[in-house]
Amino acid sequence: MGAGHHHHHHGHGHGHAHGHDHARAGRDNARRLTITLALQAAYLVAEVVGGYLANSLSLLADAGHMLSDVAALALSLFAVWIAQKPATARRTFGYYRTEILAALANAATLIAISIYIFWEAAQRLRAPEPVAGLIVVWVAVGGLLVNGIGAALLHGGREHSLNIRGAWLHLMTDAAGNVGVIVGGVLIWGWGLAWADPVVSILIGVLVIWSSWGLLKDSLGVLLEGAPSHIDVEAVRAALMEVEGVESVHDLHVWSITSGMEALSCHVVVGGRDERRVSGEILADAHLVLRQRFGLNHLTVQIEPRGFQEQDCVALGC
C-alpha cells in the first residue's frame, strides 16, 4: 500500500501545478485577445463604411469575415474567462468545455456567412455594378496591417489552445482575404474590371470555409468524447499490458476535457501472487507509463483482482 499511496500524493501535486500553468496561460491569452479584439472591432467599422461607400462586395465580404473574427475573438475571450471559474459540485470538470463550444459556434457562423457571400457574388457576376477601386485598395491595406499585428500577438498562444488557434487562423485567413481585396481593387481601379470584385469575394468565401472546416471537425471531436488525435488508444492498452502483474485491461477510455487537457480511465485486472502487496506497485507503474509515454495526467485506474467481474455478474444476476 505504501508505494501506491505515496505515488497518489505525488500525482495530486503535479495536477495542481498543471492547473496553475493553465490559469497563467489563460491570463496571457486573455490579454493578447483583448488587444487584438479592440483593433479588429475598430477596423470592422472602417471596412463596412468603406465597402458601402465604394459599393464593393469584396470589401463587404471581407467585413463579414472580420465580423466573424470579432465574434470569434469575443467568444474566445469569454471562453478563456469562464474556463478560469473553479469547478463546482455540479460541474465537476469546471467550465473548460465552454471553450470548445465557442470554437464550434465560430466555425458554424463562418460557414453561414460564406454561403451568403456566394449567393450575393452570383447576382453581381450576372449584373456587374460599378466599384470605387481606389477606396477598396486603401481600406484593404489598412486591414492587412491590423491583421498582421493581431496575428503576431496571438502567435505565441496558438500551440496550446484550440481556442487561440481558432482566433489566429481567423486572422491569417483574413490577411489572405485582404491581399485578395487589394488585388481586386487594383484590377478595378487600373483596368476597370468590374468582375474582379465578385470573383475576389467568392475566393474569400472559399478561404473562410476552408479555414473553419478543421476547427469544426476538432471541436466536434472533443464534444463527442473522441480520443485525442495524437494518442493511439491501442498503444496505450499495449503499454498497460506490459506492466508486470497486469493480466488484462478493459473499459479503457481516453478523451479531452478541453484542448491540451486529456483524461484517461480504465480497469486493470491483476492476477497471480499476493494481490494485496502487488496492487499498489502495479498502480504506481501504470501511472508512470501513462504519464511518461503518453503525457496523460488526469488518470483514473481501477485495479481489480482476477475473477472480480464474474462475482459482480453473479450478484447482479446478469
Does the side chain of [Y] come within less than 4.5 Å of [X]'s, by heavy atoms?
| X | Y | answer |
| --- | --- | --- |
| Val146 | Glu47 | no |
| Arg293 | Leu288 | no |
| Val254 | Pro228 | yes |
| Val236 | Val289 | no |
| Asp218 | Arg165 | yes |
| Lys85 | Arg91 | no |

With a 4.5 Å cut-off on side-chain heavy-atom distances among I, L, V, M, F, W and Y, is there a chain of contacts connecting [X] to [Y]?
| X | Y | value |
| --- | --- | --- |
| Val199 | Ile113 | no |
| Trp195 | Trp191 | yes |
| Trp213 | Ile115 | yes |
| Tyr116 | Phe118 | no |
| Met172 | Val200 | yes |

Report the distance from atom [atom1] of [X] to atom [atom2] of [Y], rounding to the nearest 0.5 Å.
| X | Y | atom1 | atom2 | result |
| --- | --- | --- | --- | --- |
| Phe78 | Leu33 | CZ | CG | 14.0 Å |
| Asn178 | Met66 | CG | CE | 6.5 Å |
| Leu290 | Asp285 | CG | CG | 11.0 Å |
| Ile282 | His287 | CD1 | NE2 | 12.5 Å |
| Leu144 | Ile149 | CG | CD1 | 10.0 Å |
| Leu153 | Thr36 | CG | OG1 | 4.5 Å |

Closest approach of [X] and [Y], non-hydrogen atoms and distance?
| X | Y | result |
| --- | --- | --- |
| His253 | Asp251 | CD2-O, 3.4 Å |
| Leu240 | Cys266 | CD1-SG, 3.9 Å |
| Leu154 | Leu171 | CD1-CD1, 3.7 Å |
| Ile257 | Arg97 | O-NE, 2.7 Å |
| Leu125 | Pro198 | CD2-CG, 3.7 Å |
| Arg237 | Val249 | NH1-O, 3.1 Å |

Next item on the list: Apply the test side-chain contact (heavy atoms from CB on, under 4.5 Å) to residues Ile209 and Leu110: give CA-CA distance (whole Å), side-chain angles for both, the deciding distance (0.1 Å), then the verdict.
Entry: CA-CA 7 Å; Ile209 286 184; Leu110 278 172; over 6 Å; no
Check: Does the Asp197 side chain pair with the main chain of Leu57, one donor and one acceptor, at a distance under 3.5 Å?
Finding: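 The answer is yes, because a donor-acceptor pair under 3.5 Å joins these two groups.
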Checklist line | Enclosure of Trp189 CH2 (heavy-atom neighbours >12, cutoff 6.0 Å) | finding: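 No.
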Item checked: Full working for side-chain contact (heavy atoms from CB on, under 4.5 Å) between Leu37 and Val70 -> CA-CA 6 Å; Leu37 179 61; Val70 168; 3.8 Å; yes
Item checked: side-chain contact (heavy atoms from CB on, under 4.5 Å) between Ile117 and Ile204, worked out -> CA-CA 9 Å; Ile117 295 292; Ile204 292 172; over 6 Å; no
Note to self: For a side-chain contact (heavy atoms from CB on, under 4.5 Å) check, start with the C-alpha distance between Leu104 and Leu216, then their side-chain angles and the critical distance, and finish with the verdict.
What the structure shows: CA-CA 6 Å; Leu104 181 65; Leu216 188 68; 3.6 Å; yes
